[in-house]
Structure formats: C-alpha cells, structure tokens
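What follows is a short report on a single structure.
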Amino acid sequence: MSGQDRPGGTGAPEAGADVEGTGTDPIEAHVAELAAVLQGAEREKTRMLAELREGLLDAAAELAPGCEPDHEAAREAVRQFGGVAELAPGFQRELTIVQARHTSRRILLLAPLLLPCWYLLAAAAPAAHRMPYAAQVLLAHLGGTAAATALAAAVFLAATGRVARRLSTPDLLPVMVAWTGTTAAVALALSAFTLAVASLLTSSWPLCALAGAVAVVFHAKIAASARACRRCARTAVAA
C-alpha cells in the first residue's frame, strides 16, 4: 500500500512498519529508546511520543518524495529531529510539570477534607463522650498542616498554569510539590493513627473509624502521586 493510500493521508508509512524488511524501523527504535528513559503520566507520555512519531513519519515522507520512505529517509528524519540525549530533557521537563500539577491538584482536593472530618467528630459526640483533649489538639494541628499544604498546592498550580508557563518554571518547583505532597501524606497518616487510637477511648468510635479510613485512603493517593512527582523530578535533573 502506498504512502498516499495510508489512512490519514500523511504520505508516511504505518507506525512500526519495517520499510525495507531488513531490520528494525529506525523511527520506532528511536521512539522506543526515548520512551525507556522518560518518567511521567502514561497518558501524557503516550500522547507526546505519538506526536513525535507522526512528526518523524512526515519528515521521512518529505525526504523520499514520490515513493515509500526507506531506512535512509527514516534515519535522516531521526537525525534531523535530534537524538535521545537532545530530546529527553525537553520531553521530561514537560512530563514533570504535568505530574507536578497532577500532584498539586490531588493535594488541593484531598488534604483539606481532614478539617471537616475533625469538626464533624467534635460536633457529633456529646461533650462527655468526645475524644480525649490531647487527640483533639493533635488532630487540629494536623488538619492545619494539611490545609497549609493545600494552600501551597494552589500556589504551585498558579505557578504552572497556562499564563505562568509562558515564563520559565523554576527547576526546583516539582521537588517542592513532591515534598509538599509528602507532608500532606504524613499528616493524613498521623491523623488516621490518632483517630484509630481515639476510637478505642470514645463512644463515637464508628465515626472515628470511618474518618480514619478516609484519611488512610487520602494518604495513599497523595503519597503515590508525590512519589511519582519525585521520580519525574530526579529524571529531569539527570536528563
């Protein structure tokens, strides 16, 4: 099938095709090599690599006008686009910013919910059966810490938004986001532990247990996102 007959009408061969039947397609090999060194959200990573592949296929088609692109055209397209060492830093930076924004959104949405849980527990139980005072004070401080991380996450989102991204994003910002996420995750984990202990000392233990379970779930989600953000930041520095 000719390049003009290929669906999409780009004039390039199908992705992954061995155009000469003698070895690995240089374009697919290049994309696979780049994919192996990048860290980030799979959806965004797949989208970026697909765009790169299409660009390489189009370039190879232009280098071999009127006929199917061969290995030489594909290799020349790869050379013109740049090697993995040249492309990886820009791709990884973009993936790192995307992950930092994802982590910031998760912190902003989940961390502040600790405060409503604490107020609900304080208001639901009669005064004589409320949690021990020490537990209430600790939960209040942990809730304040979680709220502070949410505020920081809102600042990070603003610093990496569409308007702000026209400027240079500080290199350390993804690391700061990761550590903010870790702080929020620790606050949620300590809250879950405190609620578990408090549930043994109060008659409103079902509410304490439920709030603790919610805190554990939120902790797991934020901690996982913070770890992913830290991996992306380390890979960006290495690239």
Side-chain angles (χ1 to χ4, degrees), residues 15-16 24-57 59 74-75 77-111 146 148-189 217-239:
T24 304
D25 179 4
I27 291 176
E28 286 304 312
H30 186 61
V31 172
E33 186 180 355
L34 182 61
V37 302
L38 296 178
Q39 291 282 345
E42 283 302 318
R43 179 184 299 179
E44 186 67 16
K45 179 177 172 181
T46 299
R47 181 192 65 78
M48 294 171 64
L49 292 174
E51 290 179 357
L52 173 63
R53 181 185 291 107
E54 286 301 314
L56 288 167
L57 290 171
R75 280 194 288 268
V78 169
R79 187 191 68 79
Q80 290 182 5
F81 269 64
V84 171
E86 299 172 89
L87 296 177
F91 276 65
Q92 186 58 58
R93 180 176 177 81
E94 184 68 20
L95 285 170
T96 300
I97 292 174
V98 169
Q99 181 60 50
R101 288 182 59 79
H102 176 73
T103 302
S104 296
R105 280 193 295 268
R106 186 161 286 189
I107 297 169
L108 184 60
L109 290 173
L110 299 182
T149 62
L151 179 61
V155 173
F156 294 146
L157 282 173
T160 55
R162 289 185 177 181
V163 176
R165 285 174 67 180
R166 294 177 183 176
L167 308 174
S168 177
T169 302
D171 292 336
L172 290 179
L173 190 141
V175 178
M176 295 170 63
V177 172
W179 281 110
T180 301
T182 299
T183 301
V186 169
L188 288 166
V217 173
F218 289 175
H219 157 79
K221 289 183 175 296
I222 293 177
S225 191
R227 284 194 298 271
C229 189
R230 193 172 292 109
R231 283 197 301 270
C232 286
R234 283 198 299 262
T235 304
V237 171

task: Determine yes or no for a side-chain-to-main-chain donor-acceptor pair under 3.5 angstrom, with His219 supplying the side chain and Ala185 the backbone.
output: yes

- prompt: Which residues satisfy the salt bridge (charged side-chain N to carboxylate O under 4.0 Å, His left out) test with Glu51, sequence neighbours excluded?
  reply: Arg47

Verdict with supporting geometry, Leu95 and Glu44, side chain to side chain contact (heavy atoms under 4.5 Å, CB included): CA-CA 7 Å; Leu95 285 170; Glu44 186 67 16; 3.8 Å; yes

query: Taking the side chain from His30 and the backbone from Gly82, do they hold a donor-acceptor pair closer than 3.5 Å?
result: yes

field: Criterion side chain to side chain contact (heavy atoms under 4.5 Å, CB included) on Ser225 and Gln99, from CA distance to verdict
entry: CA-CA 8 Å; Ser225 191; Gln99 181 60 50; 3.4 Å; yes

- prompt: Could you give the distance from CD1 (Ile27) to CD (Glu54), rounded to the nearest 0.5 Å?
  reply: 9.5 Å

Audit row: Thr160, Arg101, side-chain hydrogen bond (donor to acceptor under 3.5 Å, both in side chains) steps and yes/no: CA-CA 7 Å; Thr160 55; Arg101 288 182 59 79; 3.0 Å; yes

message: For Gln92 and Thr96: C-alpha separation, side-chain torsions, deciding distance, then whether side-chain hydrogen bond (donor to acceptor under 3.5 Å, both in side chains) applies.
response: CA-CA 6 Å; Gln92 186 58 58; Thr96 300; 3.2 Å; yes

field: Sub-4.5 Å side-chain heavy-atom contact between Glu28 and Arg53
entry: yes

field: Non-neighbouring partners of Met176 that pass side-chain contact (heavy atoms from CB on, under 4.5 Å), sequence neighbours left out
entry: Phe156

- request: Go through the structure and list residues passing side-chain contact (heavy atoms from CB on, under 4.5 Å) with Gln80, not counting sequence neighbours.
  value: Leu63, Glu76

message: With rounding to the nearest 0.5 angstrom, report the CG to OG1 distance, Leu108 to Thr103.
response: 12.5 Å

task: Can you sort out the partners of Leu49 under side-chain contact (heavy atoms from CB on, under 4.5 Å), two or more places apart, ordered by chain and number?
output: Val31, Leu34, Ala35, Leu38, Lys45

query: Measuring from Leu173:CG to Ile97:CD1, what's the distance to the nearest 0.5 Å?
result: 8.5 Å

message: For the CD atom of Glu94 and the SG atom of Cys232, what is their distance to the nearest 0.5 Å?
response: 11.5 Å

message: Holding to side-chain contact (heavy atoms from CB on, under 4.5 Å), I want the full list of residues that pass it with Thr182, two or more places apart in sequence or in another chain.
response: Trp179, Val186, Ala226, Arg230

field: Counterpart residues, side-chain hydrogen bond (donor to acceptor under 3.5 Å, both in side chains), relative to Ser104 (two or more places apart)
entry: none

